Q: 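Below: one structure in structure tokens.
Owing to the predicted nature of the structure, the values given are computational and were not obtained by experimental measurement.
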Amino acid sequence: MSRAVASRSRSRDVNRDDIPVARRSRSASPKRRGGLGLLFACGLVFSASLATVLFVPEWLNGTRPPASVEGIDARPSGDGRLLGHFPYPEAGVDVLVPVEAGIELHRDAALALDAMRRSAASDGVDLRLLSGYRSHDLQKSIFFDVKSERNQSAAERAKVSAPPGYSEHSTGFAVDLGDGEDPATNLAQSFENTRAFRWLQDHAASYHFTLSFPVVNPQGVSYEPWHWRFEGSSEALRAFEPARRLADGR
């Protein structure tokens, strides 16, 4: 696994090594029943209908009903969030493509990112891809290993890193971006002062990328000017619909 390495010389950059670079990564007619049998059959129909209402939307969207995470005492809230983060499915290997050494993305996000980087380059901006898809296992290591090293609570750790099963990166649609002309700002809030970030603010929406965690966000996640997600396909829109609805106050 390759990691984004950055200087720790300034206190404002303490978050930069919280998110390492990701690794590289399918009949017969029923018999007539008596009253008791009819009641039982009606119960089965009702149960099936209730299960459809509660769970089928999640299955259709490629997600499962949220569950607790081993090692975290907190339980998911009513909208599925755990410590501020929404649950996300793990992208299948059939939709992932290599973008750079050790970094994969969903093929839709990869195409859009390539077009965006070429456009930025024509404007003299060197957009660097620092991280992309992360498996649930890799996110588990990122969350718990660093949590242990820093003696953090799960809630403290969740401010800067999602629990496993709750990271946008697992969808293959999320990216961490840097400025090739100012690598000292990689994965740091100081990235907001770079030409690359200013270019993204002006042009990223044209390529269907949006900033996931702005300065003030209702998920309570720390400001991450480097973290952007792709929303340019129906699959991506479904994945991030809960986060968008929360941000819009719906």
Side-chain angles (χ1 to χ4, degrees), residues 18-19 22 46-93 95-96 105-106 108-109 131-147 152-176 208-224 227-250:
D18 278 309
I19 305 180
F46 175 77
S47 299
S49 300
L50 181 61
T52 299
V53 171
L54 293 178
F55 301 120
V56 166
E58 285 83 1
W59 294 339
L60 291 177
N61 290 342
T63 63
R64 293 174 297 176
S68 60
V69 173
E70 183 179 358
I72 298 179
D73 292 333
R75 299 283 300 180
S77 59
D79 62 3
R81 282 183 291 159
L82 179 64
L83 300 175
H85 298 270
F86 285 100
Y88 293 104
E90 192 175 62
V93 294
V95 299
L96 293 172
L105 287 175
H106 189 289
D108 295 338
S131 183
Y133 163 75
R134 297 188 198 134
S135 68
H136 288 174
D137 285 342
L138 177 57
Q139 192 66 31
K140 180 178 180 180
S141 174
I142 291 173
F143 187 87
F144 286 107
D145 290 356
V146 180
K147 172 184 177 298
Q152 294 174 318
S153 68
E156 290 171 333
R157 183 69 190 139
K159 293 290 184 182
V160 294
S161 183
Y166 291 79
S167 173
E168 292 186 350
H169 283 281
S170 295
T171 66
F173 292 124
V175 295
D176 292 336
H208 309 293
F209 282 92
T210 186
L211 185 65
S212 292
F213 305 114
V215 176
V216 177
N217 63 84
Q219 291 185 235
V221 179
S222 296
Y223 173 43
E224 296 185 352
H227 181 115
W228 298 72
R229 67 181 183 233
F230 172 75
E231 295 185 347
S233 70
S234 58
E235 183 182 352
L237 286 172
R238 285 195 301 270
F240 300 121
E241 175 66 13
R244 285 198 314 278
R245 290 177 65 87
L246 182 66
D248 294 341
R250 292 183 286 159

Q: Is there a donor-acceptor contact under 3.5 Å from the side chain of Glu224 to the main chain of Phe213?
A: no
Q: Heavy atoms, side chains only, cut-off 4.5 Å: are Phe230 and His106 in contact?
A: no
Q: Taking atom NE2 of His85 and atom OG of Ser167, what is their separation to the nearest 0.5 Å?
A: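 These two atoms lie 8.5 Å from each other.
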Q: Can you name the closest pair of heavy atoms from His136 and Pro89 and give their distance?
A: NE2-C, 3.9 Å
Q: Between the side chains of Ser212 and Glu168, does any donor sit under 3.5 Å from an acceptor?
A: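 Result is yes, a qualifying pair exists.
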Q: If you compare all heavy atoms of Tyr223 against all heavy atoms of Val215, which two are closest, and at what distance to 0.1 Å?
A: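 In terms of heavy atoms, the two residues are closest at CD1-N, 3.4 Å.
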Q: For the residue pair His208 and Ser233, establish whether any side-chain heavy-atom pair is separated by less than 4.5 Å.
A: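 The answer is no; the side chains never approach within 4.5 Å.
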Q: Given side chains that start at C-beta, do those of Phe144 and Val69 come closer than 4.5 Å, heavy atoms only?
A: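 Yes, close enough: below the 4.5 Å cut-off.
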Q: Side-chain contact, heavy-atom cut-off 4.5 Å: Glu241 with Arg238?
A: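 Side-chain contact under 4.5 Å: no.
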Q: More than 12 heavy atoms of other residues, nucleotides or ligands under 6.0 Å from CG of Asp145: yes or no?
A: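 Yes.
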Q: Between CG of Leu105 and OH of Tyr133, what distance do you get to the nearest 0.5 Å?
A: 11.5 Å
Q: With rounding to the nearest 0.5 angstrom, report the CG to CD1 distance, Asp137 to Ile142.
A: 11.0 Å
Q: Please find the pair of heavy atoms, one from Phe143 and one from Ala154, that lie closest to each other, and give the distance.
A: CZ-O, 3.7 Å
Q: Shortest non-hydrogen contact from Ala91 to Gly172?
A: CB-N, 4.3 Å
Q: Looking only at atom types and distance, does a side-chain atom of Ser170 sit under 3.5 Å from a main-chain N or O of Arg134, one as donor and one as acceptor?
A: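 Yes; judged by distance alone, with no hydrogens or angles, the pair exists.
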Q: Contact between Leu83 and Tyr166 at the side-chain level, heavy atoms closer than 4.5 Å - yes or no?
A: no
Q: Would you call Arg81 and Leu246 a side-chain contact if the rule is heavy atoms closer than 4.5 Å?
A: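 Heavy-atom side-chain distance check passes, below 4.5 Å.
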Q: Would you say the side-chain atoms of Glu231 pair up with the backbone N or O of Leu237, donor to acceptor, closer than 3.5 Å?
A: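 No, the answer is negative, given that no donor and acceptor are paired below the 3.5 Å cut-off.
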Q: What is the distance from atom CZ of Phe173 to atom CZ of Phe240, rounded to the nearest 0.5 Å?
A: 7.0 Å
Q: Is it the case that the side chain of Ser222 and the backbone of Lys159 share a donor-acceptor pair, with hydrogens and angles ignored and the cut-off at 3.5 Å?
A: yes
Q: Can you find a pair of side-chain heavy atoms, one from Pro242 and one from Asp79, that are under 4.5 Å apart?
A: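 Sidechains of Asp79 and Pro242: no contact.
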Q: Could you tell me if the side chain of Asp176 sits less than 4.5 Å from the side chain of His169, heavy atoms only?
A: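 Sidechains of Asp176 and His169: in contact.
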Q: Locate the shortest heavy-atom distance separating Gly80 from Pro87; write the atom from each residue and the value.
A: O-CD, 3.3 Å
Q: To the closest 0.5 Å, what do you measure between CZ (Phe86) and OG (Ser77)?
A: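 It is 7.0 Å, given to the nearest 0.5 Å.
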Q: Measuring from Arg244:CZ to Arg229:CZ, what's the distance to the nearest 0.5 Å?
A: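 If we round to the nearest 0.5 Å, Arg244:CZ and Arg229:CZ are 7.0 Å apart.
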